[in-house]
Chemist: 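Take this structure, written in structure tokens, and hold onto it; I'll ask about it next.
Numbering of ligands and ligand atoms starts at 1, following listing order. For this chain, numbers begin at 1 and follow the sequence in order.
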Amino acid sequence: MKRFGPYLLLAAASLLTTLPAWAELEGLALATAKNCMSCHNVERKVVGPSYKDVAAKYRGDKAAPARLASKVMEGGGGVWGVVKMPSNPQITDAEAKRLVAWILSQ
Ligand code: HEC
């Protein structure tokens with residue numbers, strides 16, 4: 001159940017993406033399923049910055065969603081410290097955009 005939980009949640013949530021609470025759950029389920037949460041947490045820094053810190057840093061930056069979606073796919077560093085984010089080839093372009101939209105709404 002632990003392994004399939006995120007996928008079940010994702011399937012359920014994607015039926016109801018129009019509701020904000022479900023969009024929130026879907027974002028978390030996708031981030032969990034795609035392994036983002038092994039280095040990130042919404043509230044606190046782990047290996048990478050907390051998603052709340054990322055959202056605060058780029059609030060009002062209209063170029064941020066596209067730039068961050070590319071960075072999530074390709075990886076990179078130099079913004080939050082010396083540790084680099086590895087590339088994430090397990091996600092599609094569309095998934096990167098959805099993940100970044102969810103992160104920036106934190
Ligand atoms: C192996 C650990 C690791 C994994 C897995 C990981 N990240 Fe990161 N992430 C990092 C680190 C480290 C940074 C800080 C990079 C820097 O300083 O530029 C970061 C930075 C970020 C940023 C901010 C980039 C910036 O330029 O401000 C976003 C957004 C992000 N990650 C999203 C994701 C998403 C979405 C996933 C899953 C697809 C993911 N990360 C998976 C380690 C990770």
Chemist: Which ligand 1 atoms are under 4.0 Å away from a heavy-atom of G76?
Modeler: 15 (C)

Chemist: Considering only protein heavy atoms, which is closest to atom 26 (O) of ligand 1, and at what distance to one decimal place?
Modeler: K71 NZ, 2.9 Å

Chemist: Please identify which atoms of ligand 1 are closer than 4.0 Å to at least one heavy atom of G78.
Modeler: 16 (C), 17 (O), 18 (O)

Chemist: If you look at every heavy atom in I103 and A55, which pair is closest and at what distance?
Modeler: O-CB, 3.4 Å

Chemist: Could you check atom 12 (C) of ligand 1 against the protein and tell me its nearest heavy-atom contact, residue, atom and distance included?
Modeler: V83 O, 3.4 Å

Chemist: Is a donor on one side and an acceptor on the other found under 3.5 Å between the side chain of Q106 and the backbone of V42?
Modeler: no

Chemist: Where is the tightest heavy-atom contact between L30 and E95, given as atom of each residue plus distance?
Modeler: CD2-O, 4.2 Å

Chemist: Heavy atom of P86 under 4.0 Å from ligand 1?
Modeler: yes

Chemist: Looking at atom 27 (O) of ligand 1, what's its closest protein heavy atom, distance included?
Modeler: Y58 OH, 2.5 Å

Chemist: Let me know which of W102, W80, Y51 forms a ring pair (Phe, Tyr, Trp, His ring centres under 6.0 Å) with H40.
Modeler: Y51

Chemist: Please could you name the atoms of ligand 1 that N35 approaches to less than 4.0 Å, counting only its heavy atoms?
Modeler: 5 (C)

Chemist: With sequence neighbours excluded, what pairs up with K71 under the salt bridge (Lys or Arg N to Asp or Glu O under 4.0 Å) test?
Modeler: none

Chemist: Would you say N88's side chain and I91's backbone share a donor-acceptor pair under 3.5 angstrom?
Modeler: no

Chemist: With sequence neighbours excluded, tell me which residues meet salt bridge (Lys or Arg N to Asp or Glu O under 4.0 Å) with K52.
Modeler: E43

Chemist: Strictly by salt bridge (Lys or Arg N to Asp or Glu O under 4.0 Å), give each pair with a member in residues 53-65 just once, sequence neighbours left out.
Modeler: D61-R67

Chemist: Do V82 and V47 sit in one hydrophobic cluster, given that two such residues count as connected whenever their side-chain heavy atoms are within less than 4.5 Å of each other, even indirectly?
Modeler: yes

Chemist: In terms of residue, atom name and distance, what is the protein heavy atom nearest to atom 23 (C) of ligand 1?
Modeler: W80 NE1, 3.7 Å

Chemist: Do S70 side-chain atoms and A66 backbone N/O form a donor-acceptor pair below 3.5 Å?
Modeler: yes

Chemist: Is there a chain of hydrophobic side chains (I, L, V, M, F, W, Y, each step under 4.5 Å between heavy atoms) that links V46 to L28?
Modeler: no

Chemist: Which heavy atom of S105 sits nearest a heavy atom of E24, and at what distance?
Modeler: OG-OE1, 4.3 Å

Chemist: So, at under 2.8 Å, which protein N, O or S atoms would a careful student list around atom 8 (Fe) of ligand 1?
Modeler: H40 NE2, M85 SD

Chemist: Which residue supplies the protein heavy atom nearest to atom 24 (C) of ligand 1, what is that atom called, and how far is it?
Modeler: L68 CD2, 3.6 Å

Chemist: Which bit of V100 is near ligand 1, meaning a heavy atom under 4.0 Å away: side chain, backbone, both or neither?
Modeler: neither

Chemist: For ligand 1, is there an N or O atom under 3.5 Å from any N or O atom of I91?
Modeler: no

Chemist: Please list, in number order, the atoms of ligand 1 under 4.0 Å from a heavy atom of I103.
Modeler: 32 (C), 35 (C)

Chemist: Taking all non-hydrogen atoms of both residues, which atom of L99 and which atom of G27 are closest, and how far apart?
Modeler: CD2-O, 4.2 Å

Chemist: Taking distance alone, with no angle check, do K34 and ligand 1 share an N/O pair under 3.5 Å?
Modeler: no

Chemist: By number and element, which atoms of ligand 1 are closer than 4.0 Å to a non-hydrogen atom of K84?
Modeler: 12 (C)

